[in-house]
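One structure is given here, and the rest of the page talks about it.
Counting begins at 1 with the first residue of the sequence. As the structure lists them, so they are numbered: ligands from 1, and atoms in each ligand from 1.
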Amino acid sequence: MKHDDCIFCKIANGEIPSSTIYEDEDFRVFLDLNPAARGHALIVPKEHYADLFELDEELCKKAMVLAKRLGTKMKEVLGSDGFNLMQNNGEAAGQTVFHFHLHLIPRYEDDKAGITWKPGSVSPEEREELVNLLTKE
Ligand code: 5GP
Ligand code: ZN
């Protein structure tokens, strides 16, 4: 389904022009308007899914294969030194467009992308509690 008020529905389905670098029946991949680094692109499904949790599992697989393929091409063509794959879900995680998208971010030794976090800490008790919670059937 498409959502009338969703910008990525309109871009993915060609109603709004974009700098497209790849398209197939399921996805459009286009350059991010405000790139973190040179070549930053977004893999966007043509159907509307708000986030990863809504995304159809077959499309999950296809998106990851596409990321590998396009990431390889970016490395070759743009000469990037590294590569980030990023995907935000929910406002608290930095999602601003609520139509699933996977960020492809080629990285360069001297870029200013700064995709990082301050390393935290966890006590042995807390770690055990987490393992218990996350392995419970
Ligand atoms: P999020 O923060 O939701 O993970 O990422 C949204 C991304 O979409 C941002 O990197 C932003 O620059 C990009 N973006 C937002 N609106 C548009 C648009 O209209 N066109 C393009 N090409 N990118 C957009
Ligand atoms: Zn949408």
Near ligand 1 (heavy atom, under 4.0 angstrom), the protein residues are I7, F8, I11, F30, L31, D32, L33, N34, L42, N88, G94, Q95, T96, V97, H101, H103

The complete set of side chain to side chain donor-acceptor pair (under 3.5 Å) pairs with one or both residues in residues 84-96, sequence neighbours excluded, reads N84-R107, Q87-N89

Would you please say whether a donor-acceptor pair under 3.5 Å links the side chains of Y49 and D51?
no

Note, the Zn ion (ligand 2) has protein N, O or S atoms under 2.8 Å numbering 4

* In plain terms, say whether E58 and K61 are close enough for a salt bridge, that is, a side-chain N and a carboxylate O under 4.0 Å apart. => yes

Q.
Do V97 and H101 make a side-chain contact, defined as non-hydrogen atoms from C-beta onward lying under 4.5 Å apart?
A. yes

query: Using 4.0 Å as the upper bound for N to carboxylate O, is an ion pair formed by E25 and K46?
result: no

Note to self: Let me check something: do L102 and L52 share a hydrophobic cluster, defined by ILVMFWY side-chain heavy atoms less than 4.5 Å apart, either directly or through other members?
What the structure shows: yes

Inset, instruction - Give the ring-plane orientation class for H48 versus H99, where under 30° counts as parallel, over 60° as perpendicular and anything between as tilted. - result: perpendicular

Sorted by chain and residue number, the side-chain contact (heavy atoms from CB on, under 4.5 Å) partners of F83 (sequence neighbours excluded) come out as M74, L85, L104

In this structure, CZ of F30 is separated from CD1 of I11 (nearest 0.5 Å) by 4.5 Å

